[in-house]
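Let me begin by presenting the structure, written as structure tokens, before commenting on it.
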Amino acid sequence: MNVTIALLLAQDGLSNGVIYALLAISILLVFLITRVLLVPQGEFVVLAALTMVQLQKGAGPSVIWLLLALAVTAASMSSLRAWRTGEWRRLPAVLAFTLGAVLFGAAASATPLLTTAGAAPHFALTTMATLVLVAPLGPLLYWSAFEGIARASILTLLFAAVAVHYVLQGSMLPLFGPEGFQAEALISGRVDVGFTRVSLQLLLLCAIFVATVGALWMFIGRTIAGKILRATAVNARGARIVGIRPETSGAIAFGLASLIGAVSGVLIAPLTTLYYDSGFLLALKGFVGAVTGGLASFPLAAAGSLLIGVLEAMFSFQFSALKDSLVFAALLPILLILSTRQLSDRDTEAEE
Amino acid sequence: MSPQPLVIAGTALPLIAALAALAIPDYWVTLLTYAGMSAVLCIGLVMMTGYGGITSFGQAAFAGIAAYATAILTTGLALSPWLGLLTGLALAVASAFVIGWITVRLSGHYLVLGTFAWGISLFYAFANVEGLGGYNGIGGVPGLFGGSRLLFNALVWAFVAVALLGAVRVLDSRIGRAIRAAPSKAMAESFGVDTATAKLTVFVLAAALAGAAGWLQAHYLRIVNPGPFHLNASVEYLFMTIIGGVGSLLGAIVGATAVTVAKSWLQTSVPALLGSGFNLEGVVFGLLVLGLLQAAPRGMTALLPASFALRPRGSRRSETRLPPRAKPAATQSVLALRSVSKHFSGAQALDRVSLDLNAGEILALVGPNGAGKSTLFNAITGLSPASNGTVALLGEDVTRLPARAIARRGLARTFQHAHLRPEMTVIENVSLGAHTRTAQGVAAALLGRDRPEESRIFGEARGCLAELGVAEFANARTGTLSLGSQRLVEVARAVACDPIALLLDEPAAGLRAEEKQHLANAIVAMRDRGIAILVVEHDLDFVANVADRVVVLDFGTVIAQGTPDEIVRDPRVIAAYLGQAEVSGDVARALHH
């Protein structure tokens, strides 16, 4: 491996790393607020990517069926909960969101009709339609599967997340079929920066990444909804005492996760061929990234994810068969260092 | 000794399964065999996850190690499958030692991710390492008993019975209680438990059971390939234990059986039902798990009567106690602090605190909230060592020793917020106090050789409970006790250490008058036995009642010390509590009464 190849590999790695970073940030966000380790985050990404490809081909998006099924489940589970607890106040908002998601989803599914036959649909149109179809899945999923067990142990929540992953992945096979999908590149070519040539694709990825993180930062820092999220993340019980419902925060967090997942899906679609079951490994890598940030720090999680992307690119060049094996094995020493560092003072304090 | 329902069920179920195979169709025998093989692995998972607090997404990989080992030995080298069993188990155990050594040191979510990491890594290793046959695997593995399905089924269920009874013996032993206490790390370490070793122990035991399951699978399927050892398989095993009930050993059997039967039914019926070529069993299965988590988060066995839960056999009436520790002579210095300081990233919690605690005295440490009392406790006990200065126990510098090493030297403590394991019985919690005074290990527990020591431990624990006036709760689940009773149980546990120095952190908080009296009597009785006692307490009446000397701490420094009488009149003390410099004698008197 010479320097030129290494630089090109690093670019490849960074492209994937940006995606992993977005995954890591969503997983971290959801974990801090709801304590759910969101394994299905990878499915959001893949759903968005596959939807993007379908729309580009002018086909109807299969994800609408999933959206409908989740909408029905979310509406009935929320109604059931309202009926059982006698707590009706939040129900209208949930039902309104669900109905809106279905209506907008239906409209987005109709976008292929807007394009004249033979012509390629406009990129902005397919992107918008993809976001509209995939972003509402988060809250719907939260109301369907997680709100009812919101106070269970982290372990139970993790099991629920894994079960949701199985359900989503299993339903994606009949919806999309076993074949792989890759979207058309948004932009191609490279720009010379002296010591190497940087792909425009990577620059675009980085720009969108920065924009997404910036928007998220603004949302969390500057809006009431963001303050609700922060309050719940810092202390869920305290937030409840001052009248903030963890359920509201949970739905918002899941919504942000599916929105960022949809953006990641749009971004990754042209980079690599994705299959209905590609989500799990993606989520695991995002998970690894989140953990390198100590499951607490967003900047560290993003940096760790970029590193994983680069490591993976290097490994896949040198030992392609053992690529995934090595990425995960390399994790153990990192975890060990993090863990021993954490064990000093904070752990005992935290347990008191 | 009263036989417990769990042990009876553990013996009867496998027997029924082995006998039932004689009368049921082949299809059901196959399912029964599969269920039994999974149950062996799941029993290990329950020990590890339900009792030891370690969630593993990599158990199938250990099954794989044993399966590949026996496949290579019995095909390539044509050796006996029984030799394959020994080798497979040895390899699974050895790799569990290596992987576990790293993994159990990870905390919380790191640990879960760690198991993901090696689970996946081993899977790819099985598929890619030369000589293991790639994704096709190794075929031609010999069957057992000339291919008799009935005998094989009986063997599988014999494994289940041995695994279950072994698990009961281990969990209901000195090491088992250490394993069950390990999730509460600070508490367990404070009672001399090496939590990393306890976790490694249960990790290795679970890996051995996984290895046994892998060996059975290899000789049942007669082919070994990476598929059954994938992360998905590990997840399925976890689902089995959750569905059965992760905190219940019977749950492992119930869950394994339920999932095996449901899965087989789904595989045959779902495609027919939906008329699709797609494999939808995963979806239905995931939905079932989700439904169950919402409806019965503690699993199917939560519906069983509580008598099927693990109960200590040591609860029989034993009066013999453990031999007492040698005590230092009265008035000898036991604990000596010299200029102990502690700062947390800039904040000075303790500033050059020096104090002495002698054998046979009760020293009260008082001070307003945030004065640094609990920090001082943590510095003395080694949970959060001092930044500067020295702590000496019987003249030996223990400043930098880990909490468990200090505990072994005869220091016991209670916590400001009771740190008891709610799902263990009261007497089991108290028995943990005797951990450093006893020695029996896992092998003794498995062979039942630890019973004499166990009965002494429980005799000791019962004695300590009686001393604190809470003997009536001995067999209750600790989580069901009132907060006041839990505090007394905490003190009883510390007493069960037979310590030379005892540190009590607000023991009287939340106690009723009668309970306080019991506590005061017990503390005084311990002092009279020559134990050095340091007690943090806000209840000044209680302090005046029991303490020989009082030290007052404020803003991390000692501001006064003397007899209780002197202290309540000391203007600096009154100022520290009431926040003003001049205080009339009336207030001082009011404070006193």
Side-chain angles (χ1 to χ4, degrees), chain A residues 31 37 77 144-146 148-149 152-160 162-171 173-174 177-178 280-281 284 287-288 290-291 294-295 319 321-336 338-340 342-345 347-352, chain B residues 49 53 55 57 99 102-103 105-114 116-125 127-128 184-187 189 231-232 235 238-239 242 246 274 276-290 293-294 297 344 374 378 383-384 403 415-417 419:
Chain A
F31 176 74
L37 286 166
M77 291 297 282
S144 303
F146 292 98
I149 51 169
S153 67
I154 291 186
L155 201 60
T156 306
L157 293 171
L158 173 62
F159 295 145
V162 173
V164 165
H165 153 74
Y166 273 83
V167 174
L168 287 183
Q169 193 181 77
S171 357
L173 178 58
F280 186 58
L281 270 187
L284 270 188
F287 194 12
V288 175
V291 167
L295 273 176
F319 335 87
L322 290 174
K323 179 186 81 171
D324 289 322
S325 211
L326 286 172
V327 169
F328 290 108
L331 181 69
L332 280 176
I334 303 178
L335 287 171
L336 192 61
L338 276 171
S339 218
T340 45
Q342 193 202 25
L343 279 188
S344 51
D345 275 348
D347 202 40
T348 43
E349 293 299 308
E351 226 193 317
E352 292 301 300
Chain B
T49 307
T55 306
F57 279 85
I99 293 172
I102 300 176
T103 309
R105 279 171 170 71
L106 307 174
S107 47
H109 331 296
Y110 295 113
L111 196 153
V112 177
L113 192 75
F116 263 119
W118 53 255
I120 293 179
S121 299
L122 280 174
F123 169 77
Y124 285 112
N128 289 300
S184 186
K185 187 171 162 95
M187 179 275 279
E189 294 269 336
L231 190 65
N232 281 342
V235 172
L238 256 186
F239 277 167
I242 300 166
V246 75
L274 297 174
S276 102
F278 295 118
N279 186 6
L280 273 182
E281 98 216 31
V283 179
V284 180
F285 196 50
L287 288 175
L288 280 179
V289 170
L290 280 174
L293 286 179
Q294 305 255 356
F344 297 104
S374 292
N378 287 343
L383 274 187
S384 173
F415 292 87
Q416 192 181 345
H417 306 286
H419 274 203

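Naming: A, B, ... by sequence-line order, numbering from 1 per chain. As the structure is a prediction and not an experimental result, all values here were calculated from the model. Hydrogens, waters and symmetry mates are skipped; everything else that's a heavy atom, side chains included, is used.
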Roughly how far, to the nearest 0.5 Å, is the [atom2] atom of [Y] from the [atom1] atom of [X]?
X	Y	atom1	atom2	result
B/L290	A/M77	CG	CE	9.0 Å
A/L157	B/L293	CG	CG	9.0 Å
B/T55	A/L158	OG1	CG	7.5 Å

Residues in side-chain hydrogen bond (donor to acceptor under 3.5 Å, both in side chains) contact with B/T49, at least two apart in sequence or another chain =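 None.
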
Which atoms form the tightest heavy-atom contact between A/A163 and B/V289, and what is the distance?
-> CB-CG1, 4.0 Å

Identify which part of B/L287 has an atom lying under 4.5 Å from any heavy atom of chain A, answering side chain, backbone, both or neither.
-> both

Answer whether the closest heavy-atom distance between the side chains of A/Y166 and B/V235 falls below 4.5 Å.
-> yes

In terms of ring plane angle, is the pair B/F57 and A/F159 parallel, tilted or perpendicular, where the classes change at 30° and 60°?
->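 Correct class here is tilted.
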
